[in-house]
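Right, one structure below, let's go through it.
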Amino acid sequence: MFEEFKFKGEVSEHKKLRAVFPEGLFQVMKVQGLGTKRTAILFKTLKIDSLEKLANAAHSGDIAKLRGFGDKVQENILANLEFVEKSSQRNLLVKALSYAGDVRRYLSPHPSIQNLETAGSLRRWKETIGDIDFLCTSQNPEKAISHFLTFPDVEKVLAHGPTKASVLLKNGPQCDFRVVEPGQFGAAMVYFTGSKEHNVRLRELALRKGLTLNEYGLFKLTDKNKEKPVAAKTEEDVYRYLGLPWIPPELREDRGEIEMGLKNKLPRLIEEADILGDVHNHTTLSDGKNTAEEMIRAAENLKWDWYFCGDHSPSLAMTHGLAPAALWKKRAHLEDLQSKFKKIKIFLGSEVDILPNGNLDYENAVLEKIDCVVASIHSRFKQTEGEMTARICRAIENPHVDILGHITGRLMNTRPGYNVDFEAILQKAKETQTAIEINGQPDRLELSDTHVKRAVELGVPIVLSTDAHSISHFENMVYALHVARRGWATAKDILNTRSTTEILEWLQS
Ligand SMILES: [Zn+2]
Ligand SMILES: [Zn+2]
């Protein structure tokens, strides 16, 4: 179950357990080095059921005295507490999307609600989300607001007026709901989608043109009472009047989108329909939950053209990786399966551990026979930045390594990534033409957007991956896709858009 918790941030049994265990226990469990066993001991012996009590006990030295804990564990707790406290204030994108989905399903059928849209960081697909923002238009704003306030998962109403309301969702984030005039919807969407930095730039641009921009519209400065907006109804109208094309929300971060927009040189971002396959995933042969056949069937149902069916290499005992003999047996099995699947091409993939010295977990003679090799670090996270960078560079210098997996090993809200010199690794990737992965697991999501943008600038090939450990994880592709979009990637920057022939050519070159 905790495997599931790690991937989804939410499990079916979670709600049942919440009733039995204090909510704070789940936060305690997230502190790196604690886990379920130690959390249970702390709860039983020291009655620790919150981060606050954990901090107090660690500071007073009580934890070090417990059997099986000691000074080292206590020091570790103190070091990691700070990270967890800081990061637990924001929700992972996947969690916020799930809350927003519940709210949307509740609100959208209501007759008084039209044009319901999410705004804010959620619409921009940021990796973590503060509040959830909803906008709509309505013939009857008060009815719309009172319907929102009766949403069953409202924990507490924070504020409400005739056209807006803020609530706290049960065990979840704050959710703000606004009803705006149909004629001002576009201006409101621009304003509430943000980012703050993007909007500052838009207002500067407006001023230079003798205009002023707010949530109600774009007005001439001479229109003192702001009575008649020159643009407000749609986002396109507002951007066009400022001399810009419509800017995709993922780009609204003031990272050059205004300058490029003014020159009409914004990239045409990669889209979901461009994606033709996955290179990184796992089956029951290692630590996955579905068989190769089940995974391939699900991949075919997604209308993918090709699929590299992967598993772990053996160095890490807990992932039950495949020894070479098992790899060749799997290849034969995949060849058998191919006769059952007419619409998708199946290949042998593998996620191969990068050992602490930068060697790979398989001999070259083995690597050479695997159709696509993703190399990742799963051990010895505490090496220095210099050691880690050298370790990764050495691994990707191996000509049989096609892709570098999750570059920092971070698990958001749980553990920071190991330290690496991104620029050095990206340069090495460019030199060796190794692709860099955007891992779509909701708590990994790395490369992060700014590094994707740098990789695109350098011409480093990028691959999106699901790292699926079950068929339901194929949805991770969507998260990876939006990181790519936030990094300004077009279809040509991403290997998943290549046809079967093209991807094989790339892998062989
Ligand atoms: Zn795994
Ligand atoms: Zn993996």
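First listed ligand is number 1; within each ligand, the first listed atom is number 1. Counting from 1, the numbers follow the sequence of the chain as shown.
- Glu294 is linked by a salt bridge (charged side-chain N to carboxylate O under 4.0 Å, His left out) to nothing, counting only residues two or more places apart in sequence or in another chain.
- Under the salt bridge (charged side-chain N to carboxylate O under 4.0 Å, His left out) criterion, Arg123 pairs with Glu235, not counting sequence neighbours.
- Between Glu257 and Arg252 there is no salt bridge, since none of the side-chain N atoms of the basic residue sits less than 4.0 Å from a carboxylate O of the acidic one.
- Nearest N, O or S atom of Asp287 to the Zn ion (ligand 1): atom OD2.
- Minimum interatomic distance between Met477 and Ile275 (heavy atoms only, all atoms of both residues): CG-CD1, 3.9 Å.
- In this structure, Arg67 has no salt bridge (charged side-chain N to carboxylate O under 4.0 Å, His left out) partners at least two apart in sequence or on a different chain.
- The aromatic rings of His469 and His312 lie tilted to each other, with the angle between the two planes from 30° to 60°.
- Inside a sphere of radius 2.8 Å centred on the Zn ion (ligand 2), the protein N/O/S atoms present are His280 NE2, His282 NE2, Glu351 OE1, Asp467 OD1.
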